[in-house]
Amino acid sequence: MSKKLKLGVLISGRGSNLQSLIDATKKHDFPAEIVIVIANVPNIAGLEIATKANIPVQIINHKTFNERKSFEDELHGALTKAKVELVCLAGFMRILTDHLINRWLDKIINIHPSLLPSFKGLNTHNRAIESGAKFSGCTIHFVRSEMDCGPIIIQAVIAIKQNDTSDTLASRILVEEHKIYPLAVQLIASKKVSIKNGRVRLRDAVSPRTTLINPR
Ligand code: GAR
């Protein structure tokens, strides 16, 4: 098999998406490997997950920097040193600016727990429920400096139930997050993803035939 794509995973908390990427990379034919996990918050569960998997970790605490630029310079330095080729934001709760993004253009992807472009930002599940929308889901997209924007790679859809709470909806969406993040990485590492006119084009893409209607 050809060389594996080197991933740097950036986290700020629990790390369940990191775990899904670790699990995927354990399969010998998965075309990517995690070479570093960077956290901007110390003492988080995600760091234990990385350490348990014998992945090098680094804490770059944003609070110890006077300005975003120097924080991002430190991130850039760590990613470069680890020879990262694709940066995966996995519950990384710091906004990145063009200072970093332009140096890693089309090489940073993010997971967001809604069907973008709906419900950017925080508190997505509550806002989705309160909007009365019948569907929500999750999105993997390339990162641009405008928050939760950028070419969409893959999405999964979940029906919102009448009695859903933010927690019940979040937990059903999380199950799908753990499927689509490894899938997006696999597509990129297999060179099936390109961007044309600001939109993602997938080589050999097969669209589902089903239509979802909620309620049935
Ligand atoms: C995930 O649900 C992810 O989609 C979300 O944070 C959670 C992190 O969970 N990300 C965002 O809201 C980014 N805007 P995890 O630490 O268990 O992967």
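Values reported hereafter were calculated over all heavy atoms of this structure, with side chains retained and with hydrogens, waters and symmetry mates removed. Indexing begins at 1, ligand by ligand and atom by atom, following the structure's order.
- The shortest heavy-atom distance from Ile111 to ligand 1 is under 4.0 Å.
- Gln155 and Thr139 form a side-chain donor-acceptor contact under 3.5 Å, judged by distance and modelled atom types alone.
- Nearest protein neighbour of atom 6 (O) of ligand 1, counting heavy atoms only, is Gly91 CA, 3.9 Å.
- Atoms of ligand 1 lying under 4.0 Å from any heavy atom of His112, numbered from 1 in the order shown and given with element: 14 (N).
- For the residue pair Asp73 and His99, a side-chain donor N or O sits within less than 3.5 Å of a side-chain acceptor on the partner.
- Within the set Gly46, Pro113, Gly15, Ala90, the minimum heavy-atom distance to atom 12 (O) of ligand 1 is found for Pro113.
- The local environment of CG in Asn66 is sparse, with at most 12 non-hydrogen atoms from other residues, nucleotides or ligands closer than 6.0 Å.
- Between Ser16 and His178, the side chains place a donor N or O and an acceptor N or O closer than 3.5 Å (distance only, hydrogens not considered).
- In this pair, His62 and Phe71 present their aromatic rings perpendicular. The plane angle is above 60°, beyond the 30 to 60° band.
- Using modelled atom types and a 3.5 Å distance limit, the side chains of Glu72 and Thr97 yield a donor-acceptor pair.
- Nearest protein heavy-atom contact of atom 1 (C) of ligand 1 is Glu177 OE1, 3.2 Å.
- Checking Gly121, Ser16, Ser114 against atom 15 (P) of ligand 1, the nearest heavy atom belongs to Ser16.
- Taking every heavy atom of Met93 and a limit of under 4.0 angstrom, the matching atoms of ligand 1 come to 11 (C), 12 (O), 13 (C).
- With hydrogens left out, the protein atom closest to atom 9 (O) of ligand 1 is Arg14 NH2, 3.0 Å, a heavy atom.
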